[in-house]
Protein chains: 2
Amino acid sequence: MELRHLRYFQAVAEELSFSRAAKRLHVAQPALSRAIKQLEHVLGAEVLERTRHHVRLTPAGAVLLRETAGLLQYVEEAMRRVRRIIGALCEK
Amino acid sequence: MELRHLRYFQAVAEELSFSRAAKRLHVAQPALSRAIKQLEHVLGAEVLERTRHHVRLTPAGAVLLRETAGLLQYVEEAMRRVRRIIGALCEK
DNA sequence: CAATGTTACGATACACGTAATCATA
DNA sequence: TATGATTACGTGTATCGTAACATTG
């Protein structure tokens with residue numbers, strides 16, 4: 001499992017649409033479809049319910065989205081902290 | 001930046017040795033060397049000081065290690081939470 | 001010169017995009 | 001039947017491992 005899987009999932013879960021998420025991420029739908037499938041395979045559960053005009057989160061998906069949001073935010077903040085300190089170190 | 005980079009970095013930083021970390025991760029040294037270089041490129045700073053018989057953390061590396069440890073632990077716990085809840089959902 | 005990290009290089013695997021297919025509202 | 005997700009398929013990129021090289025204690 002890599003961050004890519006979670007970033008893709010978050011986009012689809014927020015947009016509730018593979019096509020919109022694909023545009024937002026600047027990738028093609030199939031890339032998303034595959035990444036989500038991998039994620040589901042790893043977790044052993046479906047996270048999105050696909051029904052042509054509706055994409056909905058499954059209960060498992062709702063849980064995953066919450067955790068994903070927290071995790072990706074953590075990543076961003078951690079990287080920001082690192083960069084800031086590195087910046088300070090370089091000025092010395 | 002993917003989790004792979006951080007997992008590799010953590011192993012090297014903890015072992016203070018590319019060769020030992022490589023064994024532990026079941027990959028060859030060059031893979032580690034490259035991943036660390038990518039990480040350093042992304043961050044714009046060296047995180048490890050290589051001197052044949054000693055690998056040491058740079059100040060930036062020390063910061064990164066702390067953040068990495070927290071982050072990877074967060075990932076693990078988040079995944080555990082998700083799996084646990086998914087497990088509970090499936091039993092219904 | 002011995003131990004260990006890095007580069008070079010060829011091979012493999014993985015992710016991607018395009019196009020075709022399938023499914024539903 | 002029109003929209004949007006998936007599968008098939010070929011391609012390109014990225015990662016890997018082996019081997020050669022460089023470096024330093």
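Each chain gets a letter, A, B and so on, in the order the sequences are listed, and its residues count up from 1. No experiment lies behind these values; they were computed from the predicted model shown.
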Legend entry - Nearest atoms (heavy-atom pairs only) where B:A60 meets B:A45: CB-CB, 4.4 Å
Atom pairs and distances, donor-acceptor, side-chain atoms in residues 22-30 of chain A, under 3.5 Å, two or more places apart:
residue, atom, partner, partner atom, Å
A:R24, NH1, A:E14, OE1, 3.2
A:R24, NH1, A:E15, OE2, 3.1
A:R24, NH2, A:E14, OE1, 2.8

Legend entry - A:R7 bridged to B:E2 by N-O distance under 4.0 Å: yes
Legend entry - Contact list for residues 57-71 of chain B, test side-chain hydrogen bond (donor to acceptor under 3.5 Å, both in side chains), sequence neighbours left out: A:R81-B:E67
Legend entry - Spacing of A:K23 atom NZ relative to C:dG17 atom P, expressed in whole Å: 14 Å
Inset, instruction - Determine the minimum heavy-atom distance between A:E40 and A:E46, stating which atoms define it. - result: OE2-CA, 3.4 Å
Inset, instruction - Encode nucleotides 20-25 of chain C as B, S and - characters from 5' to 3', where the letter depends on protein heavy atoms closer than 4.0 Å: B to the base, S only to sugar-phosphate, - to neither. - result: ---BSS
Legend entry - Candidate list B:I36, B:L39, B:L65, test side-chain contact (heavy atoms from CB on, under 4.5 Å), partner B:L48, passing option: B:I36
Legend entry - Residue pair B:P59 / B:V63, side-chain heavy-atom distance below 4.5 Å: no
Legend entry - Rounded distance in Å - CD (B:E49) to P (D:dT23): 17 Å
Legend entry - Nearest-angstrom distance from the residue atom NE2 of B:H26 to P of D:dC16: 14 Å
Legend entry - B:L64 vs A:M79 side-chain heavy atoms within contact, under 4.5 Å: yes
Legend entry - Interatomic distance, B:H41 NE2 vs C:dT6 P [rounded to whole Å]: 17 Å
Legend entry - Shortest non-hydrogen separation from A:Y8 to A:A35 and the atoms involved: CD2-CB, 3.6 Å
Inset, instruction - Mind running a 4.0 Å heavy-atom check of residues 56-63 of chain A against DNA chain C and sending the residues that fall below it, in number order? - result: none
Inset, instruction - Could you list by number each residue of residues 29-37 of chain A showing a heavy-atom separation from DNA chain D of less than 4.0 Å, or answer none if no residue does? - result: A:Q29, A:P30, A:S33, A:R34, A:K37
Inset, instruction - Check DNA chain C against residues 2-20 of chain B and give the residues with a non-hydrogen atom under 4.0 Å, in numerical order. - result: B:S17, B:F18, B:S19
Inset, instruction - Measure from CD on A:E40 to C1' on D:dT6 and round the result to the nearest Å. - result: 12 Å
Inset, instruction - May I have the distance from A:L48 (atom CG) to D:dG4 (atom P), rounded to whole angstrom? - result: 16 Å
Inset, instruction - To the nearest 0.5 Å, tell me how far B:Q10 CD sits from B:L3 CG. - result: 11.0 Å
Legend entry - Spatial distance of atom OG (B:S17) from atom CZ (B:R50) [nearest 0.5 Å]: 12.5 Å
Legend entry - Flag side-chain contact, heavy atom, 4.5 Å: B:K37 against B:H41: no
Inset, instruction - Identify the two heavy atoms, one from B:L32 and one from B:F18, that lie closest to each other, and give their separation to 0.1 Å. - result: CD1-O, 3.3 Å
